[in-house]
Amino acid sequence: MIPGARLVILGRQGAGKGTQCVRLSRHYVVPHVSTGDMLRAAVKEGSELGRKARAIMDDGGLVPDDVMIDIVADRLARDDSRTRGYILDGFPRTVGQAEALGEVTAEQPLHAVIDLDVAEEVVLRRIADRRVCTDCGTNYSVHAPPRYDWTCDVCGGEVRQRDDDTEEAVRRRLDLYRKQTAPLIEWYAERRLLEVVDGLGATDDVTKRLVAAVDARTRRGFAAGR
Ligand code: ADP
């Protein structure tokens, strides 16, 4: 049986976390827990959480820590996460969230925290080109669109620019990343959990680097691509 993994992926907006997390989730057979996707699903459903989160997200702000911590704690308490693990994408984003995650994972600690590193000037270009399926969240770009007329190859949903990928909201999110999330890189390095992986280059190459970094941490060493 393929061993699972408990991972956090950090990285700037547009570093490729969404795309790579889907691949890692298939590789390690663990759920991809994306707080952005969970919030977007809540917005679509029109739930109370969705109504509260929508304005904050469109503005490029952060949903309050206590709300996010409850959502993630509930998700990680589910059977699949407890038995196989998870890949956390978009959480933690603040030191407060990282501290809370430490408590939630006290019994089953993280294997690794990966910083998927891509420079700010590169992500700005990538986000401007990014297009996303409004149903399943699959990422595309104007240079690599879906096969048919902005219809998602995976689920048939509508592919378009995200509501919060406006220039102003992107600037605000990158600013918040610098101030609130980048300090987590040092925070996890001090706790000896951090692996920095270069996020530049072909998607397959980045996946191989990520798998190598995770395997080195978990000392499992099974071959990439399986
Ligand atoms: P990005 O990384 O491009 O900003 P995400 O899909 O991860 O996109 O998140 C979209 C939005 O959802 C964020 O801008 C923020 O408003 C909200 N969000 C997601 N995760 C968190 C979190 N852990 N804490 C606070 N807000 C969050």
Side-chain angles (χ1 to χ4, degrees), residues 7-22 24-25 32-45 47 49-76 86-105 110 113-120 122-141 159-185 187-188 199:
L7 307 173
V8 164
I9 312 291
L10 299 175
R12 285 188 181 85
Q13 286 71 14
K17 290 191 301 284
T19 303
Q20 294 297 337
C21 284
V22 169
L24 288 178
S25 137
H32 170 207
V33 178
S34 156
T35 47
D37 286 351
M38 288 160 93
L39 290 172
R40 278 185 287 277
V43 169
K44 223 170 169 192
E45 272 166 23
S47 66
L49 166 69
R51 282 197 299 276
K52 281 191 200 147
R54 177 166 204 160
I56 300 174
M57 292 169 75
D58 283 354
D59 225 30
L62 287 183
V63 174
D65 277 1
D66 54 339
V67 176
M68 295 311 302
I69 290 163
D70 282 352
I71 296 173
V72 170
D74 279 355
R75 181 63 190 85
L76 300 193
Y86 45 82
I87 300 170
L88 262 177
D89 165 9
F91 187 98
R93 249 179 165 89
T94 64
V95 169
Q97 293 181 10
E99 282 167 352
L101 182 63
E103 285 166 29
V104 169
T105 58
L110 296 172
V113 174
I114 294 175
D115 174 26
L116 186 59
D117 187 31
V118 178
E120 191 161 315
V122 177
V123 300
L124 279 170
R125 227 176 309 130
R126 284 190 187 176
I127 296 173
D129 293 346
R130 170 158 82 180
R131 299 294 180 272
V132 177
C133 173
T134 50
D135 281 331
C136 73
T138 298
N139 276 313
Y140 298 91
S141 90
V159 176
R160 58 178 171 83
Q161 193 155 32
R162 255 168 58 173
D163 290 339
D164 61 349
D165 275 353
T166 61
E167 209 184 310
E168 208 177 297
V170 168
R171 216 176 305 120
R172 176 137 193 247
R173 273 147 64 211
L174 282 169
D175 199 43
L176 280 175
Y177 180 85
R178 221 177 294 123
K179 289 187 185 133
Q180 308 247 48
T181 310
L184 292 181
I185 293 170
W187 200 85
Y188 279 118

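One-based numbering, in listed order, for ligands and for the atoms of each.
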Which segment of Q180 sits under 4.0 Å of ligand 1 when only heavy atoms are counted: neither

Under 4.0 Å from a heavy atom of Q97: which atoms of ligand 1 are those, numbered in the order shown and with their elements? 22 (C), 23 (N), 24 (N), 25 (C)

Considering the heavy atoms of G90, write down every atom of ligand 1 situated less than 4.0 Å from one of them. 20 (N), 21 (C), 22 (C), 23 (N)

Decide, yes or no, whether a salt bridge links R172 with E168 under the criterion of side-chain N to carboxylate O below 4.0 Å. no

Smallest separation among heavy atoms of D115 and G11, with atom names: OD1-CA, 4.0 Å

Atom of V170, atom of I127 and distance for their closest heavy-atom approach: CG2-CG2, 3.6 Å

Selection from R173, R130, R93, Q13 by shortest heavy-atom distance to atom 5 (P) of ligand 1: R93

Is a salt bridge present between D175 and R178, judged by a nitrogen-to-oxygen distance below 4.0 Å? yes

Close side-chain approach of I9 to L24, heavy-atom, < 4.5 Å: yes

Evaluate R162 for polar contact with ligand 1, using N/O atom pairs at a separation under 3.5 Å. yes

Got the closest protein heavy atom to atom 16 (O) of ligand 1, with its distance? G61 O, 2.5 Å

Only residue of K17, Q20, H32 satisfying side chain to side chain donor-acceptor pair (under 3.5 Å) with D89 is H32

Nearest to atom 10 (C) of ligand 1, what protein heavy atom do you find, and at what distance? R40 NH1, 3.7 Å

Provide the number and element of each atom of ligand 1 under 4.0 Å from a heavy atom of G36. 5 (P), 6 (O), 9 (O), 19 (C)

Using a strict threshold of under 4.0 Å (side-chain N to carboxylate O), is an ion pair present between R54 and D163? yes

Do C136 and D37 come within less than 4.5 Å of each other through their side chains, counting heavy atoms only? no

For atom 25 (C) of ligand 1, tell me which residue out of I71, D65, V63, L39 has the closest non-hydrogen atom. V63

Test of understanding: given a 4.0 Å heavy-atom threshold, classify the contact between M68 and ligand 1 as side chain, backbone, both, or neither. side chain

Can you find an N/O atom of T35 closer than 3.5 Å to an N/O atom of ligand 1? yes

